[in-house]
Amino acid sequence: QARDPRMDTQGNYCWVVHYDADAFAGLPLRGFEEALRAEGVPMGVSYPSLGELAVFRERNFGPRLRASAPSFDDAALSLPRAEHAAASTVWLQHRLLLAGRDDVLDVARAAARIQAHAGAVARQWADACPTSTPPSRCPMGNAAVLPDIVGGVTAGGSGWDLEGHR
């Protein structure tokens with residue numbers, strides 16, 4: 001959707017919630033995000049953990065500013081808590097919280113609809129994103145996949161627009 005022409009600035013605040021894939025039949029985070037997006041819930045995606053950033057994967061560091069700066073073995077970088085946080089948080093746009101109570105509850109209702117059909121959604125997501133592809137690397141917004149994953153399963157989307165109200 002286009003940005004409202006009355007907006008002259010944009011704050012990027014998020015309402016961050018924990019996602020438990022086990023409570024959704026193993027549906028990976030990206031699949032859950034796609035299902036929420038299909039429900040019309042405005043959202044962003046979490047930051048990756050440091051170890052997933054290209055600068056670390058490709059060892060693309062600039063020159064050191066000080067010879068005395070500590071060095072570390074970035075190849076052995078292990079950040080399990082950061083990786084877990086990146087793989088289990090959903091970032092909802094803060095403007096959702098500016099709407100009325102029933103509209104805010106629509107987010108929970110959308111999650112409940114997805115959870116009620118999580119087994120089917122997870123199976124379809126697995127077909128679209130084979131196990132050889134890490135779930136965090138599955139394509140977002142894959143037009144060929146989305147209708148099969150969420151079309152009809154989570155019918156009755158909330159109708160949110162980018163301003164956070166109907």
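For reference, positions follow the sequence shown, starting with 1.
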Which heavy-atom pair separates [X] from [Y] by the least distance, and what is that distance?
X: Leu36; Y: Ala110; answer: CD2-CB, 4.2 Å
X: Ala86; Y: Tyr47; answer: CB-O, 3.3 Å
X: Val104; Y: Ala99; answer: CG2-O, 3.9 Å

Could you check if a side-chain atom of Val41 sits within less than 4.5 angstrom of a side-chain atom of Leu92, using non-hydrogen atoms only?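 Yes; the side chains approach each other to less than 4.5 Å.
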Would a 4.5 Å heavy-atom cut-off, applied to side chains only, mark Phe24 and Tyr19 as touching?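 Yes, close enough: below the 4.5 Å cut-off.
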Let me confirm one number: the [atom1]-[atom2] distance from [X] to [Y], rounded to the nearest 0.5 Å.
X: Glu34; Y: Trp125; atom1: CD; atom2: CH2; value: 5.0 Å
X: Ile114; Y: Glu39; atom1: CD1; atom2: CD; value: 5.5 Å
X: Met43; Y: Gln93; atom1: CE; atom2: CD; value: 9.0 Å

Which residues share a side chain to side chain contact (heavy atoms under 4.5 Å, CB included) with Ala23, sequence neighbours left out: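 If we apply the side chain to side chain contact (heavy atoms under 4.5 Å, CB included) test to Ala23, skipping adjacent residues, the hits are Asp20, Gln115.
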Just jot down the side chain to side chain contact (heavy atoms under 4.5 Å, CB included) partners of Ala82, sequence neighbours excluded, or say none.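 Counting only residues at least two positions away or on another chain, Ala82 forms a side chain to side chain contact (heavy atoms under 4.5 Å, CB included) with Ser49, Leu79.
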Suppose we screen for side chain to side chain donor-acceptor pair (under 3.5 Å). Which residues come up paired with Arg109, at least two apart in sequence or across chains?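 Arg109 satisfies side chain to side chain donor-acceptor pair (under 3.5 Å) with Asp106 once adjacent residues are dropped.
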Could you please spell out the steps behind the side chain to side chain contact (heavy atoms under 4.5 Å, CB included) verdict for Leu96 and Val107? CA-CA 8 Å; Leu96 289 170; Val107 176; 4.0 Å; yes
Cluster check Trp15, Trp91: I/L/V/M/F/W/Y, side chain < 4.5 angstrom: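 Unlinked, Trp15 and Trp91 end up in two clusters.
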